[in-house]
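Here it is, the structure, as structure tokens.
Residue numbers start from 1 in every chain, and the chains themselves are labelled A, B, ... in the order their sequence lines are given, proteins ahead of strands. What you are looking at is a predicted structure, and each value in this text was computed from that prediction instead of being measured.
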There are 2 protein chains.
Amino acid sequence: MVSHDGAGVDPQQLWLGTARTGRGRKPAFSRAAITAAAVALADAEGLDAVTMRRVAAEVGAGVMSLYSYAPDKETLLELMVDHVSGELPADEPLTGDWRADLKAIGHLQRALMLRHPWLPAALTTRRTLGPHALAFLERALAALRPTRLDGAAKLEVFSQLTGFVAGHVGYEIAQSAAAEAPGRAAAEARYLAAVAADGHHPELAAALAAPGRPLTPEATFTRFLDRLIDGLDTG
Amino acid sequence: MVSHDGAGVDPQQLWLGTARTGRGRKPAFSRAAITAAAVALADAEGLDAVTMRRVAAEVGAGVMSLYSYAPDKETLLELMVDHVSGELPADEPLTGDWRADLKAIGHLQRALMLRHPWLPAALTTRRTLGPHALAFLERALAALRPTRLDGAAKLEVFSQLTGFVAGHVGYEIAQSAAAEAPGRAAAEARYLAAVAADGHHPELAAALAAPGRPLTPEATFTRFLDRLIDGLDTG
DNA sequence: AATATTTCCGTACACTGTACGAGAATAGTC
DNA sequence: GACTATTCTCGTACAGTGTACGGAAATATT
């Protein structure tokens with residue numbers, strides 16, 4: 001096993017790492033390089049493109065060599081999540097206005113997920129507590145310091161915030177993906193119009209008839225995030 | 001092709017259906033039965049257990065026979081989503097208090113997702129507008145009637161609400177799944193304690209030291225949902 | 001009876017994650 | 001320098017995936 005070890009019964013041993021003994025062949029690759037290649041692949045071609053063979057090819061390794069750096073694919077996905085979490089600034093100063101700070105955190109998370117559109121889907125199934133995620137959590141907890149929420153409540157708030165952002169951006173991405181294929185979008189519009197015209201969906205018909213000005217996803221996100229955070233009890 | 005047709009360039013043709021000509025061999029199965037079998041499988045063993053072979057076996061068909069009822073697996077998944085959406089009551093009377101009605105809708109969605117734990121994950125990638133989903137959307141729009149939001153804004157609210165619930169329940173499920181494997185949970189607790197003890201995570205250490213009383217997921221959900229909805233502009 | 005149409009499904013193929021184990025490279029010991 | 005223990009590399013192999021293809025069976029129309 002390579003220096004930053006991982007396998008074993010204990011799932012969190014992944015992040016602790018074990019020292020190399022010195023003995024044995026030197027590793028030709030690195031966990032970071034492999035993870036970065038996997039992330040690049042997911043960014044460019046989606047999560048489905050991340051296959052062990054593709055990642056290995058990208059990094060110049062044999063397929064089975066990857067298993068010296070991560071015990072299985074699931075672990076590689078967790079590494080990917082924590083890897084991109086490293087893009088979140090974890091040490092910028094806080095304003096002291098915890099609501100503003102929390103909103104900024106939400107916007108940072110959204111930006112990250114837009115940069116890595118596979119992230120919302122990856123987060124729905126996984127809970128990752130790697131070093132980068134923890135550093136960011138630490139920052140969020142610091143932001144919540146002025147609130148007098150107890151420990152569990154603070155952790156809840158962070159969890160919920162992340163869940164909310166993932167849910168929102170997931171939808172946002174699905175929406176924009178549909179919009180990028182103009183044929184699809186038109187077909188959907190036609191379908192909705194047909195449904196609205198069937199007489200059984202008067203509210204939908206009304207909603208489609210009175211569209212209002214189009215909303216930018218950014219504005220919508222901000223509005224919902226603000227409502228969510230402004231409504232939080234200070235404990 | 002079987003009566004409720006689906007294939008084609010137009011994705012929404014799925015839901016429209018085409019009449020059988022009468023000519024040709026009679027279908028031995030039905031789209032509904034196949035979908036129900038797939039849903040039962042996902043409920044019992046998770047989304048990964050839903051393979052074309054397993055579904056076919058469950059329903060007593062040859063594998064390739066499924067392709068007469070759904071052009072591909074992605075379509076089967078969309079059918080599954082709309083199938084369970086049919087469990088949402090779409091015609092119960094509304095109270096007229098749109099905030100209360102909207103909260104009730106959120107709770108219904110959460111209950112549905114808890115009954116079908118694969119649903120949040122399935123919704124992250126997919127946007128489904130089958131008849132059942134549309135019926136429920138119609139109801140949500142009716143609930144929003146007293147607000148004077150324009151059509152686009154109403155649709156946004158529903159989208160966001162669904163995204164929020166999916167995000168929350170996704171986390172809720174991950175949490176409870178971790179709690180069900182006691183070894184895992186203990187290992188994670190030990191890991192977090194170790195991280196908290198490293199001196200670089202003082203806020204985390206403090207949060208773990210002052211746990212407060214445990215929060216039920218139900219109560220947390222209600223609190224966040226209330227905040228979200230109470231904060232909505234009436235337009 | 002012939003024909004057109006539709007469904008049923010066995011076979012086959014490319015692709016997936018990964019178990020196994022043989023070989024290569026390194027460090028420590030004599 | 002030879003030997004040994006250890007560690008990493010990766011070719012091969014296998015079970016499992018979605019689904020393309022095409023022949024056989026069943027039905028309604030002619």
Dump every N/O contact between nucleotides 22-25 of chain C and the protein below 3.5 Å, one line per pair.
residue: C:dA24; atom: N3; partner: A:Arg25; partner atom: NH1; Å: 3.4

query = Can you check whether B:Trp15's main-chain N or O pairs, donor with acceptor, with A:Tyr191's side chain at less than 3.5 Å?
reply = no
key: Atom-pair distance (NZ on A:Lys73; P on D:dG16), nearest Å   = 18 Å
With the criterion being N/O to N/O and under 3.5 Å, what pairs connect the protein with nucleotides 28-30 of chain C, and how long is each?
residue: C:dG28; atom: O4'; partner: A:Arg23; partner atom: NH1; Å: 2.9

Return a table of donor-acceptor pairs under 3.5 angstrom between the side chains of residues 166-174 of chain B and protein atoms on other chains or two or more places apart.
residue: B:His168; atom: ND1; partner: A:Gln160; partner atom: OE1; Å: 2.5
residue: B:His168; atom: NE2; partner: B:Glu172; partner atom: OE1; Å: 2.9
residue: B:Glu172; atom: OE1; partner: B:Arg110; partner atom: NE; Å: 3.2
residue: B:Glu172; atom: OE2; partner: B:Arg110; partner atom: NE; Å: 3.4
residue: B:Glu172; atom: OE2; partner: B:Arg110; partner atom: NH2; Å: 2.7

note = Ordered by number, residues from residues 51-62 of chain B within less than 4.0 Å of DNA chain D (heavy atoms) are B:Thr51, B:Met52, B:Arg53
request  = Please state how far atom CG in B:Asp72 lies from atom C1' in D:dT17, giving the value in whole angstrom units.
outcome  = 14 Å
ask   = Can you check whether A:Tyr69 has a side-chain N or O nearer than 4.0 Å to OP1 or OP2 of D:dT9?
value = yes
message = Need to verify one output field. Residue with the more 5' nearest nucleotide on DNA chain D, B:Ala49 or A:Val63?
response = A:Val63
query = B:Pro89 and B:Leu108: which non-hydrogen atoms are nearest, and at how many Å?
reply = CG-CD1, 3.8 Å
ask   = Between C:dG17 atom P and A:Leu76 atom CG, what is the distance in whole Å?
value = 10 Å
key: Beyond-backbone contact of B:Ile105 with B:Leu88, side-chain heavy atoms, under 4.5 angstrom   = no
message = Can you confirm whether A:Leu47 sits close enough to A:Leu77 that some side-chain heavy atom of one is under 4.5 Å from a side-chain heavy atom of the other?
response = yes
message = Can you pull out every salt bridge (Lys or Arg N to Asp or Glu O under 4.0 Å) where at least one residue sits in residues 35-57 of chain B? Sequence neighbours excluded, please.
response = B:Glu45-B:Arg54, B:Arg54-B:Glu58
inquiry  = From CZ of A:Arg31 over to C1' of D:dT9, roughly how many Å is that when rounded to an integer?
reply    = 17 Å
query = If only atom types and distance count, is the side chain of A:Arg31 paired as donor or acceptor with the main-chain N or O of A:Tyr69 below 3.5 Å?
reply = yes
request  = Could you tell me the separation between the CD1 atom of B:Ile34 and the C1' atom of C:dC8, rounded to a whole number of Å?
outcome  = 11 Å
request  = Would you mind reading off the distance between B:Leu47 atom CG and D:dT17 atom P, rounded to a whole angstrom?
outcome  = 14 Å
Closest contact, heavy atoms only, A:Ala207 versus B:Leu141 = CB-CD1, 4.3 Å
remark   = Residues at least two apart in sequence or cross-chain that pass salt bridge (charged side-chain N to carboxylate O under 4.0 Å, His left out) with B:Glu92, listed by chain then number, are none
Short N-O contact, A:Arg127 and B:Glu188, less than 4.0 angstrom = yes
task = Say whether, by atom type as modelled, one donor and one acceptor occur between the side chain of A:Glu138 and the main chain of B:Leu204 under 3.5 angstrom.
result = yes
key: Candidates D:dC10, C:dC8, D:dT19 - which lies nearest the side chain of A:Ser65   = D:dC10
key: Interatomic distance where OH belongs to A:Tyr67 and P belongs to D:dT12 [whole Å]   = 17 Å
